[in-house]
Amino acid sequence: MQSGLTQQALERAIEYNELILYYQPKVSLLDGRVIGAEALVRWNVGEGTILSPSAFIPLAESSGLLHDLTVRLLDQVVGAAVTVKEKIPDLALSMNVAPNDLQSKTISKRIEHFLDQKIIDADDLQIEITESAVMGNFEQIREDIVRLTELGIKVLMDDFGTGYSSIDRLSQMPFSALKLDQGVVRRMGTSRQNLNVVKSSISMARELRMTSVAEGVESAATYHFLMANGCEEAQGFYISKPFALEDFISFAESEHSFDGSQIGRIHQTVHNVLYHRKCLFDVVFCDRIGAKACLPSVVDPDINEALEQSRIGLWYFGVGQQLSGMAPFDSLEQPIRDLHKLSHEILYREYGDSNGDKQAAAVSRMNSLVNQVVSLLHDLESALLLMPEDSSSGSL
Ligand code: C2E
Ligand code: MG
Ligand code: MG
C-alpha cells in the first residue's frame, strides 16, 4: 500500500470521483475481434500521479470503504457501457467485485435496476470475482453468483490457478468463464509441466462449459499457443495496456490484425465428443453391472439438453458457423444431430425397459457416429492448418 494514504483521503476521492476506470481490451482468439474490456480502477491523485489498485484497494477493504467504491464504479461502468454501445455493438465490459460486496445485495439490486430501466442489457456487463475469494465462503458466494446469473449477468472466475478450487466445487458454481491467472500464463513458457497446467485448465473450462480467458498475454508466442490450444479469449499487454474510455473506444473502432482461429476450439470439441461417448457408456456399463444407483452422477448433462445447448452445439451453431461453406464443417451437421438423437435413445432405453439387442445395435451405431464426427473434425482442423496464411487469420 502507498504510504501516506489515509482513509479520509480515500473517502474524499470516492466522493469527488477521483477514482477512474481504465479499460483493457479483450480479444476473441477464435476470430481476432475485440469483444470487450475489463474495467480497472485507478486513483487520480493529481499532478499527473495515477495510483494502481494495489496501492489503495487494501486500504479500501480494511477501512470498510470498498463497498462505496464498488457502487460508484458500477455506476461508472454502466455509464461507459452506454457510451460504448452507442458507437460499437456487442462489446461487454467486465468489472472486478469483491465477494463481500455481493453479500449486501446492493450491487445486484443496482444491476437489476439498470436492467429493469433498460439502461443496459445483461450482455453489456460482466462481473469478475477472484478464485481465492470465492472458495473462502463457498455457499454464500454461490447464492450471490446465482442471483446475478438469474439476471442474465455473466460472472467470471478471475485469477484461476491462484486458489485451491476443486473441479467439484467449480462445477457447482455458475461461472460463465475461467480467467487463467497471469502468473499461470506467464510461467507457461518455462516448463512442460507449466504448459500442461494451462492446457488442462482450458480443457476443464470446456468440459464445464465455461469460456476460457487468458490474462497477462504479453507475447505473440503466448497468444498463438493459447489460440492453438482452444483458449477462447485473451487479454494482456501484447494486445494492449488498459486505456482511458475514449482511447479504448478508438482502439475498438480501428482495424486490427489480431490473429484468430478456431483450430484449437475444434481440437477441444474432439475431446468433448469422446468424453460424451464415455459418459454415455458409463451409464450403460453401470446398468449392466447392476449399479443403477450410480447413474445420476455419471450422466453427462449434454444428453439431457437441446442440441443447441450441448457443448458441440454451442460451438457448431454458434461461432462455428463462421466456417460454414467448408466441406468438413457442412458435413458435420447431420452426424451431430444423429449423435444427439441416438444418445437420448440409449439413455432412455437404459432408464426404461432395457432391450439388450436394441441397445447393442445402438451402441455400435454410436461408435460409428462418434468416429465419423471425430474424423470430420480432424479434417476441418487440417483444412484450417493448411489454409494459405493470409486467409487463415482474421475470421477463420
Ligand atoms: P485483475 O482483475 O486480475 O486485473 C488484471 C491486472 O493485470 C491489471 O492490473 C492489469 O493492468 C494487469 N495486466 C493486464 N495485462 C497484463 C500483462 O500482459 N502483463 C502484466 N504484467 N500485467 C497485466 P491492475 O489494474 O493493477 O489491477 C490489479 C488487480 O486489482 C486486479 O487484478 C483486480 O484484482 C484488482 N482491481 C482492479 N480494479 C478493481 C476494482 O475496480 N475493484 C476491485 N475490487 N478490484 C480491482
Ligand atoms: Mg479481473
Ligand atoms: Mg486477473
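Remember, it's 1-based here, ligands and their atoms both numbered in the order they're listed.
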For atom 39 (C) of ligand 1, find the nearest protein heavy atom and state the residue, atom name and distance (0.1 Å precision). Val41 CG1, 3.6 Å
Heavy-atom protein neighbour under 4.0 angstrom from atom 45 (N) of ligand 1: yes
Is ligand 1 less than 4.0 angstrom away from at least one heavy atom of Glu38? yes
Take Tyr22 and Phe243 through the test ring-ring contact (aromatic ring centres under 6.0 Å, His included) and record every step on the way to the result. CA-CA 5 Å; Tyr22 275 24; Phe243 288 126; 8.8 Å; no
Is Leu125 reachable from Leu156 through a run of hydrophobic residues whose side-chain heavy atoms are each under 4.5 Å from the next? no
Of all the non-hydrogen atoms in the protein, which one sits nearest to atom 37 (C) of ligand 1, and at what distance? Pro53 CG, 3.5 Å
Give me the nearest non-hydrogen protein atom to atom 15 (N) of ligand 1 as residue plus atom name, then the distance to 0.1 Å. Gln24 NE2, 3.0 Å
Pick from Glu112, Arg147, Arg110: which one makes a side-chain contact (heavy atoms from CB on, under 4.5 Å) with Lys105? Arg147
Heavy atoms only: which of Arg72, Glu215, Arg186, Gln182 is nearest to atom 12 (C) of ligand 1? Gln182
Going by heavy-atom distance to atom 3 (O) of ligand 1, choose the closest among Asn96, Asp159, Leu156, Leu74. Asp159
Around the Mg ion (ligand 3), number of protein N/O/S atoms which are nearer than 2.8 Å: 4
Cationic N near anionic O, under 4.0 Å, Lys179 to Glu131: no
With a 4.0 Å cut-off on heavy atoms, is Ser54 in contact with ligand 1? no
Any donor-acceptor pair under 3.5 Å linking the side chain of Tyr223 with the backbone of Asp259? yes
Among Val185, Leu40, Asn100, Val217, which one has a heavy atom closest to atom 8 (C) of ligand 1? Leu40
The Mg ion (ligand 2) - closest N/O/S atom in Glu38: OE2
Considering heavy atoms of the protein only, find what lies nearest to atom 41 (O) of ligand 1 and give residue, atom and distance to 0.1 Å. Leu73 CD1, 3.3 Å
Proximity flag Lys241 to ligand 1, non-hydrogen atoms under 4.0 Å: no
Check: His267 side chain, Ile263 main-chain N or O, donor-acceptor pair, under 3.5 Å: no
Is Glu218 near ligand 1, meaning one of its heavy atoms is under 4.0 Å from it? yes
